[in-house]
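Read the structure below first, then the notes.
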Amino acid sequence: MEKHFDWTGVEPKWRQRWQELEVGHADVTSTKPAFVIALPPPNITGALHMGHASTFSIQDTVVRQRRMRGFEVEWCPGTDHAAIATQNVIERQLAEEGTTKEALGREAFQARVDAWYEEYGGRIYEQMRRMGYTCDWSRSRFTLDDQYVRAIRLVFKTLFDEGLVYRGPRIVNWCPRCRSAISDEEIDWQEHTDPLYYLKYPVDGGMDITVATVRPETMLGDSGVAVAPGDTRYSAFLGKSATLPITWRRIPIFADAAVRPEFGTGALKVTPGHDPTDYEIGARHGLPIINVIALDGTMDVPELPQFHGMPVAQARTAVAEALRSLGVLVKEEPYLHEVGHCDRCGTLLEPLVSEQWWVRMKSLAAPGIGAVESGEITFHPARYTDVYLHWMRNIKDWCISRQIWLGHAIPVSTCANGHRFAWVDPPVRCEQCGNTELTNDPDVLDTWFSSGLWPFAIFGWPERTPDLERFYPTDVLATDRGIIFLWVARMIMTGIKFTGRNPFTDVLITSTIQASDGSRMSKSKGNVIDPLDLIDKHGADAVRAWAAAVGTSGQDMRFDEDRISSYQRFANKLWQVTNGFLLAKVGNGSVADLDVHPPKPETLRSEDRWMLAELAAVVRECDAGFAAFRFHDAVERLYDTTWHSFCDWYVEIIKLRLADAADHESRRAAVWTAVTTLDTLLRLLHPFMPFITEECAQLLPNAAPTLQQRSWPEVDALWSSDETAAAHHEIGEAIELVQRIRALGNAQRVPRGARDRIRVVVRAADGKGISRHIVRLIGGLVPAAVVDGRERGSTPVVVVSGRLHAEVVIADTAADASATTRQIGLLEATVVRLETQLANPEFVAGAPARVVDESRRRLQEARDQLEVLRGGQTGERTDVAG
RNA sequence: GGGCGCAUAGCUCAGUUGGUACGAGCGCUGCGUUGACAUCGCAGAGGUCAUAGGUUCGAUCCCUAUUGCGCCCACCA
């Protein structure tokens, strides 16, 4: 027998079994209720990371539990072409090879991309299989699939035809490296400290006005100076014109509410071409838009050859220098502000005006707001509801066009007569005039435009496929909070718009796994952890159980490898108790010997019922945990019950009985209880730790080809009967007494071999006596010897637990009353506190009756125990049988 | 600038309508190995629940303010 559980052979075996049994495959014709999750498709830009491992493990946990509960489960996997991210990755590769995509050409570049998708798409699925995920691989989707592309085009065309998609020049976030616009949601804001320059512009009539800016180079494109309405410092300037140094252009001075009078000098240079705020101000005042920065991030000012073609950063100092020499740069001071960067390549963004495609969002957002306000869609944790609603209520039009090579082409053509139309199937002639000279739109769609259709497009929409009818809407959407706006909100909007249904009912936002120092894991910091490395080190079960336990607390979590290894040890514990103890020792190596008929209830001992009561509690807590998406509650309770209640207490207790071969009936009750308990625990644990639980379950009676074909445990009437509850209480007291007696032995440093030095007499405080069985049970668990009575001249140390108490005598040791004294001290403090509390009329009058009664009960109990400890023992003497 | 979250044992974290002042894992201390498991067992030490007020018969929990950390949003000149 293996010394420790070795997962390296077990995991591949079960992966293959699940594959063969098509555990993940959903039958569209099944009559079971459906439960559906659309897997958030990972980008094909590399490997699975901890974020995936966390959210995917949770989804697999949910999905496995729902299968056991009798649902027809569809967990549809897929991958996202991630146009801009993939293009960046491949461009970086090309750069390392000393070439560019332009040098390669479109076709060769596309070939590189296809090869990449081929390699990494498969690799990601392989990694997911290693984690043990039971996706429905037969329905894998890719956002570049033909059917998916048709769905995208139909959505676009519908929005276009309804006027919800439009094209127009507006100021956008431009990435000079990607040479593309990006949306507001794709900006990575970073703090910068830059000089704030104060520039003095001459004004008609010999005055001058000073503006503050961190971007002096844009002053070449200024078309106005704005001040706050009612700012008396500048009332004399309104309506006058300033003269722009260098270009010597005359620009108007006016008032606009967007100006913050307290900032800088209170006067704002207005550059509608290169600042979003200024763009809006300019629009309000009819200012001309002057573009001075080109799409490649260099200055575009042919009339000023000294700056033309200069990179913006360089132009900034050059222009500042020119202004200084003109004497109009009057002050510089450091200024901390946030600057937008491309979240894909990190390049500094340039706001500039260009023609883009936009989606009008207001009308699309309204029902998406309603769906969440009404509770039809619920966020977990609930606080993300407000995050979502705030964004939705303030939604702005969405820039969906990208000027990159990869991605879905915008399905719009323009004919030679200028007719522009959207299409689903590539057209050969103009819809309006039949002209065949068509020009296709050169742009591609934002990747999130296609991702936003995921929950219904994966099932064949717009065709009314059986899959769509059966599996849409989905149930749970589990993802990271970073894409609530980018993805979740858009799925809700498009889902409602195009299917009339909410795409899911629950949004589960999982914890973000941070590096162990609390910083964000990122490739650039070099502190990312590869989940597959963790599997190699600790086994997939350990990683999965950790991910589930940690992933839904609603709080960010620092990576803690010790916690993963604790689940690795837990897997070993399960293996030991199932294989090493139950099968090998109890069943003598044969499953048949464990296959006992259910015993008559009256043959169950107290400890059997105690175990069943513990089991009932853990089933209930598990169900509650699943219902509330609080998996850490379920996992921790399962861990505790399995390890401590079952292994440490129940198994140790029944070892004595099992050794007594004479009592067949009792033995059978113990075997049945142990098998039932373990079988139940394995089923409850299976969604979290599928491999080890499968392996163990095979060693027990009732084994199915996979636990996925077993039912989810329910509480049996026997487990929750009054008699069982009473037995649970009885054994609970005995356990506590055992712990107190053991503590004495440990405190006295009595070696185990010298157990007969400790003598124990157990009594019942209420004089009712104790069952022989309980006395024997206690005797078997403490390192103590049988005594017939107190030894002459010795003074016992007394310990109490509920109605039980024990007199403990340790031979050859001076009676150490400190344990008794300590107990007395604690009890006295309790008595004083409770007496004080109960003497307070406001407490008695103000607190609920049950609280007052509980205090009285505890006071009485404490007094009774004190009486025992102080030597006023009463009750019948019962000797320990050992 | 606005909003949200977090500060609980040396470390990482639980703590579900306010009611014995609170637990787990790891770490630490002591004891224990031919009997499922040393990836183990038994026992133990360790917390004025960030700070200051308030509400309440009673506050880790509710309210206010402060400090520190993190995140999100914002027209961030």
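Chain identifiers are assigned alphabetically (A, B, ...) following the order of the sequence lines, protein sequences preceding nucleic acid strands; residue numbering begins at 1 within each chain. Keep in mind that the numbers below use all heavy atoms, side chains included, and drop hydrogens, waters and symmetry copies. Just so it is clear, the model here is predicted, and its values are computed rather than measured.
- Residue contacts for A:Val214: at a heavy-atom cut-off of 4.0 Å it reaches the sugar-phosphate backbone alone, with no base atom in range.
- With a cut-off of 3.5 Å on both pairing distances, B:rU17 has no Watson-Crick or G-U wobble partner at all.
- In this structure, B:rC71 forms a base pair with B:rG3, meeting either the Watson-Crick or the G-U wobble geometry with both donor-acceptor distances under 3.5 Å.
- Here, B:rC22 and B:rU16 have their P atoms 15 Å apart, quoted to the whole Å.
- A salt bridge between A:Glu828 and A:Arg863 is absent, with no side-chain N of the basic residue lying under 4.0 Å from a carboxylate O of the acidic one.
- Base pairing annotation: B:rA65 forms a Watson-Crick or G-U wobble pair with B:rU51, both donor-acceptor distances under 3.5 Å.
- Counted within 6.0 Å of CZ on A:Arg857, heavy atoms from surrounding residues, nucleotides or ligands total more than 12; the atom is thus considered enclosed.
- The listed nucleotides are B:rA74, B:rC57, B:rU39; the one nearest the side chain of A:Glu842 is B:rC57.
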Only distances under 3.5 Å count here; give the side-chain donor-acceptor pairs of residues 386-393 of chain A to other protein atoms, sequence neighbours excluded, each with its distance to 0.1 Å.
| residue | atom | partner | partner atom | Å |
| --- | --- | --- | --- | --- |
| A:Tyr388 | OH | A:Gly368 | O | 2.8 |
| A:Trp391 | NE1 | A:Glu185 | OE2 | 3.4 |
| A:Arg393 | NH2 | A:Glu373 | OE2 | 2.5 |

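- The shortest distance between the side-chain N/O atoms of A:Lys655 and the OP1/OP2 oxygens of B:rG41 is not below 4.0 Å.
- Counting only residues at least two apart or on different chains, no ring pair (Phe, Tyr, Trp, His ring centres under 6.0 Å) pair has a member in residues 825-849 of chain A.
- Atoms CG (A:Asn579) and P (B:rU39) sit 18 Å apart, rounded to a whole Å.
- Across B:rG44 and B:rC49, the matching P atoms stand 24 Å from one another, rounded to whole Å.
- The partner of B:rC42 is B:rG30, by the rule that a Watson-Crick or G-U pair needs both atom distances under 3.5 Å.
- Under the Watson-Crick and G-U wobble criteria, each requiring two contacts below 3.5 Å, nucleotide B:rU56 is left unpaired.
- Across the protein-nucleic acid pair, A:Ile509 atom CD1 and B:rC4 atom P stand 18 Å apart, rounded to whole Å.
- In this structure, CD of A:Glu695 is placed 17 Å from C1' of B:rC37, rounded to the nearest angstrom.
- Nucleic acid contact class of A:Asn840 (heavy atoms, under 4.0 Å, all strands): sugar-phosphate only.
- Under 4.0 Å is where a charged nitrogen must lie from a carboxylate oxygen, and between A:Asp623 and A:Arg620 no such pair does.
- Put simply, A:Trp643 has a side-chain N or O that comes within less than 4.0 Å of OP1 or OP2 on B:rG41.
- Note: NE2 (A:His274) to P (B:rA77) measures 17 Å, nearest angstrom.
- Under 4.0 Å is where a charged nitrogen must lie from a carboxylate oxygen, and between A:Glu854 and A:Arg850 no such pair does.
- For the pair A:Asp541 and A:Arg544, the salt-bridge criterion is not met [side-chain N within less than 4.0 Å of a carboxylate O].
- In this view, A:Arg637 and A:Glu614, A:Ala617, A:Val618, A:Glu621, A:Thr641 satisfy the side-chain contact (heavy atoms from CB on, under 4.5 Å) rule, not counting sequence neighbours.
- A donor-acceptor contact closer than 3.5 angstrom is absent between the side chains of A:Ser565 and A:Gln568.
- Against RNA chain B, the stretch residues 329-337 of chain A makes heavy-atom approaches under 4.0 Å through A:Tyr335, A:His337.
- The same atom, C1', is picked in B:rU34 and in B:rG46; the two are 37 Å apart, to the nearest Å.
- Whole-Å rounding puts the A:Leu389 CG to B:rC4 C1' distance at 14 Å.
- Atom NZ in A:Lys573 sits about 16 Å away from atom C1' in B:rA24, given to the nearest Å.
- Taking the C1' atom of each, B:rU12 and B:rU56 are spaced 35 Å apart, rounded to whole Å.
- Partner of A:Phe646 under the side chain to side chain contact (heavy atoms under 4.5 Å, CB included) criterion, chosen from A:Leu574, A:Asp640, A:Leu678: A:Leu678.
- Spacing between B:rU20 and B:rC61 at atom P, rounded to whole Å, works out to 14 Å.
- As judged by a 4.0 angstrom heavy-atom cut-off over every strand, A:Tyr198 is placed among residues making no nucleic acid contact.
- On the P atoms, B:rG10 is 15 Å away from B:rC28, given to the nearest whole Å.
- B:rA9 atom C1' lies 16 Å from atom CG of A:Asp562, rounded to whole Å.
- A salt bridge does not link A:Arg858 to A:Glu835: none of the charged nitrogens lies less than 4.0 Å from a carboxylate oxygen.
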Tabulate protein N/O versus nucleotide N/O from nucleotides 42-45 of chain B, keeping only pairs under 3.5 Å, one per line.
| residue | atom | partner | partner atom | Å |
| --- | --- | --- | --- | --- |
| B:rC42 | O3' | A:Arg742 | NH1 | 3.3 |
| B:rC42 | O2' | A:Asn746 | ND2 | 3.2 |
| B:rA43 | O4' | A:Asn746 | ND2 | 2.8 |
| B:rA45 | OP1 | A:Arg822 | NH2 | 3.4 |

How does protein reach along nucleotides 12-20 of chain B, written 5' to 3' as B (base within reach of a heavy atom under 4.0 Å), S (only sugar-phosphate), or - (no contact)? SSSS---BB

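- Taking atom CZ of residue A:Arg569 and atom C1' of nucleotide B:rC37, one finds them 12 Å apart after rounding to whole Å.
- Comparing the P positions of B:rG58 and B:rG54 gives an interatomic distance of 12 Å, to the nearest angstrom.
- The residue among A:Thr213 and A:Trp7 whose nearest nucleotide of RNA chain B lies closer to the 5′ end is A:Trp7.
- With B:rA77, B:rA36, B:rC72 as the candidates, the nucleotide lying closest to the side chain of A:Arg260 is B:rA77.
- When the P atom is used for both B:rG23 and B:rU29, the distance is 24 Å, rounded to whole Å.
- Taking SG from A:Cys622 and CZ from A:Phe631, the interatomic distance works out to 10.5 Å, rounded to the nearest 0.5 Å.
- Salt bridge present: A:Glu333 and A:Lys331 bring a charged side-chain N and a carboxylate O closer than 4.0 Å.
- Atom CZ of residue A:Phe5 and atom CD1 of residue A:Ile692 lie 3.5 Å apart, to the nearest 0.5 angstrom.
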